[in-house]
K.L.:
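Would you mind keeping the following structure in view while I ask a few things?
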Amino acid sequence: MDLLLTAAQVALAPAALLAVLAGTLLGVIFGAIPGLTFTVAMALVVPMSFSLETAPAIGLLLGTYIGGMTGGSVPAILLGIPGTPSAAATVLDGYPLTRRGKASLALGTAVVASAFGGIVSLIVMVVSVDMVAKLALRFGPAETFGLLVFGLSTICGLAQKSLVKGLIAGVLGLMVMTIGIDEMEGVQRLTFGTVVMQQGISLLVAMIALFAVPHVIDAFVDHYTGGRRIEAVADVRAELPTIRDILRDFWLMLRCALLGTGIGAIPGTGGPIAAFLAYAHAQKSSKRPERFGKGEMAGVVAPETANNAVTGGAMIPLLSLGIPGDPATAILLSGLLIHGLIPGPMLFIQNPGEIYQIYLAIIVAYVSVVAIQLLGIRFFVQVLRVPAHLLAVGIIIMCAYGAFAIRNSVFDVISVAVLGAMAYGLMRVGIPLTPIILGLVLGPAIEREFRTAMILSEGDPSVFVGSLPAAVFLGLAVLIVGTQVVRATRATLSARRTEDKASASVTPSE
């Protein structure tokens, strides 16, 4: 208890609190700008932390990390453009809610869900850091491959009306992410002999193209044809979900928080995978699955809870084993090392006070996120007062700048334009974009884990069913795909029978 009180005095000192608040605000801003992710913000603040004491320095990095993960939901809900890849699943129901005039409630719900997911993941981290870390280490390439294939199988549930079109979209997403040079063998793939395409398509570039460009084109089309409009913003106050709404979705948030924590504890996965798995779980467990994609609040709650729970999950292998699970935690690891904190089992023995300071900094960061988001909602929703066609001009400029800033490459800007135009064409012919996003997110990880498992097993494919977790995940994937195929086949046959009966009932006129 004395150690905790001492740590609290350090972590809650004015300098430490100010550092966490500044980091959180910076993370929210960078997370809300497509292309300028919180990873970029963390890279920028690392040099700033050199001259700070340990507690303010780590608080600054943690605040940026947590604020950025939450900030991506702001443009996802208001504009239909995810600020970070983790917020891509939030777009599916968040933006339809904005079109129905519920932007404030959607943002407030996202804030509550984000804070809930983060706090639950922190509790799990504190209680079971050693156990979860050991469990995560048992997930080798084969087990992770099975988990990712299980996630990819949710394409069938996101295929909307046509299973075939959904599968086509998923394959297109997988194809886009194979462009470039193979990391293992160094061969060119789908570059068509051009040097510039060897750098491949960045995931962020693809996200911006698929979400932003069709939105911009739609805005101009609606303006010049008098199409649909977003309802007027009459209420710009912060609107939180009621206690009844929270209790209604409590068990969903708890399940998604545990799911996100587990996914985050597995190195190489991350927020996008957790968000889409949580979204698919929410849809399958809902009594109204047909409402997803049309403005269902559970479609905001699930991904926002899961992707913020990843933050606590990712800290588990980082602190206990020194293994970063993604670029953000790798930067956080560098910040810890700079200040003399070496992650691993001995960290909990040699520096228990600093561990408590990290826990308290995470709590303060989430409190800061809630405060900043709630105070900012009345300003965020003001963007909806701007005419859509004028807002579209600003969006495309911002996205072009964000795409260029990712790798300082003009090719990325051109890729946004080309992929965005293709995405708009796919939308017009009825091919959904969501499975493409899922293919983009999961494709590289699936390929990497598959090839690693095959190398370690010397080409023996039985490695994918040699362990219980891998076999269970692959079996669930087959079950989901088979169920959806049977359901789609029955629906097609039923529609044909209805048409045949209708045509048979029509008597020819004499």
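In this chain, numbering begins with 1 at the start of the sequence shown.
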K.L.:
Would you say that I201 contacts F411 through its side chain, given a criterion of any heavy-atom pair below 4.5 Å between the two side chains?
P.N.:
yes
K.L.:
If I take atom CD1 from residue I58 and atom CG from residue L336, how far apart are they, to the nearest 0.5 angstrom?
P.N.:
4.5 Å
K.L.:
Once rounded to the nearest 0.5 Å, what's the spacing between atom CG of D249 and atom SG of C256?
P.N.:
9.5 Å
K.L.:
Can you list everything that forms a side-chain hydrogen bond (donor to acceptor under 3.5 Å, both in side chains) with T70? Sequence neighbours excluded, please.
P.N.:
N308
K.L.:
Among residues at least two apart in sequence or on other chains, which ones pass side-chain contact (heavy atoms from CB on, under 4.5 Å) with V364?
P.N.:
L12, L17, V20, S368
K.L.:
Test of understanding: with salt bridge (charged side-chain N to carboxylate O under 4.0 Å, His left out), list the residues that count as partners of D93, not counting sequence neighbours.
P.N.:
none
K.L.:
Who pairs with F116 by ring-ring contact (aromatic ring centres under 6.0 Å, His included), at least two apart in sequence or on another chain?
P.N.:
F250
K.L.:
With sequence neighbours left out, write down each residue that passes side-chain hydrogen bond (donor to acceptor under 3.5 Å, both in side chains) with T90, or none if nothing qualifies.
P.N.:
E304
K.L.:
Checking side-chain contact (heavy atoms from CB on, under 4.5 Å) for the pair V120/M253: CA distance, chi angles, key distance, verdict?
P.N.:
CA-CA 10 Å; V120 170; M253 289 194 295; over 6 Å; no
K.L.:
Side chains of L419 and V213: closer than 4.5 Å at any heavy-atom pair?
P.N.:
no
K.L.:
Atom OG in S73, atom CG in L78: separation rounded to 0.5 Å?
P.N.:
8.5 Å
K.L.:
Shortest non-hydrogen contact from A309 to A257?
P.N.:
CB-O, 3.2 Å
K.L.:
Is a side-chain donor or acceptor of T98 paired with a backbone partner of I77 at a separation under 3.5 angstrom?
P.N.:
yes
K.L.:
Output all residues satisfying side-chain hydrogen bond (donor to acceptor under 3.5 Å, both in side chains) with S286, sequence neighbours left out; order by chain, then residue number.
P.N.:
none
K.L.:
More than 12 non-hydrogen atoms from neighbouring residues, nucleotides or ligands closer than 6.0 Å to CG on L247, yes or no?
P.N.:
yes
K.L.:
So, do L21 and I372 sit near enough that their side-chain heavy atoms are less than 4.5 Å apart?
P.N.:
yes
K.L.:
Rounded at 0.5 Å granularity, tell me how far OG1 in T144 sits from CZ in R448.
P.N.:
9.0 Å
K.L.:
Between E449 and P141, is any pair of side-chain heavy atoms under 4.5 Å apart?
P.N.:
yes
K.L.:
How would you list, by chain and number, every residue that makes a ring-ring contact (aromatic ring centres under 6.0 Å, His included) with F450, sequence neighbours excluded?
P.N.:
F145, F464
K.L.:
What distance do N307 atom CG and I263 atom CD1 have between them, rounded to the nearest 0.5 Å?
P.N.:
12.5 Å
K.L.:
Which atom names give the shortest non-hydrogen contact between F292 and A298, and what distance separates them?
P.N.:
CZ-CB, 3.9 Å
K.L.:
For a 4.5 angstrom cut-off between non-hydrogen side-chain atoms, does V369 reach M69?
P.N.:
no
K.L.:
Any side-chain heavy atom of L258 within less than 4.5 Å of one from R255?
P.N.:
no
K.L.:
Return each pair, listed once, that meets salt bridge (charged side-chain N to carboxylate O under 4.0 Å, His left out) where at least one residue sits in residues 396-416; pairs must be two or more places apart or across chains.
P.N.:
R407-D412
K.L.:
With sequence neighbours excluded, tell me which residues meet side-chain contact (heavy atoms from CB on, under 4.5 Å) with L122.
P.N.:
M125, V126, Y359, I362, I363
K.L.:
Compare every heavy atom of A274 with every heavy atom of G260, then report the nearest pair and how far apart it is.
P.N.:
CA-CB, 4.1 Å
K.L.:
With sequence neighbours excluded, what pairs up with A89 under the side-chain contact (heavy atoms from CB on, under 4.5 Å) test?
P.N.:
A275, F276, Y279, P303
K.L.:
Partners of T311 by side-chain hydrogen bond (donor to acceptor under 3.5 Å, both in side chains), sequence neighbours excluded?
P.N.:
Y366
K.L.:
Rounded at 0.5 Å granularity, tell me how far CD1 in I355 sits from CG in L360.
P.N.:
11.5 Å
K.L.:
With sequence neighbours excluded, what pairs up with L105 under the side-chain contact (heavy atoms from CB on, under 4.5 Å) test?
P.N.:
T109, E239, M297
K.L.:
Which heavy atom of Y65 sits nearest to which heavy atom of A314, and what is that distance?
P.N.:
OH-CB, 3.7 Å
K.L.:
Can you give me the closest heavy-atom contact between I246 and V112, atom names plus distance?
P.N.:
CD1-CG1, 4.3 Å
K.L.:
Where is the tightest heavy-atom contact between L210 and A423, given as atom of each residue plus distance?
P.N.:
CD2-CB, 3.5 Å
K.L.:
I want to check something: taking the side chain as every heavy atom from C-beta on, are L174 and I446 in contact at a cut-off of under 4.5 Å?
P.N.:
no
K.L.:
Determine whether more than 12 heavy atoms belonging to other residues, nucleotides or ligands lie under 6.0 Å from atom CD of E447.
P.N.:
yes
K.L.:
Can you confirm whether E143 sits close enough to F473 that some side-chain heavy atom of one is under 4.5 Å from a side-chain heavy atom of the other?
P.N.:
no
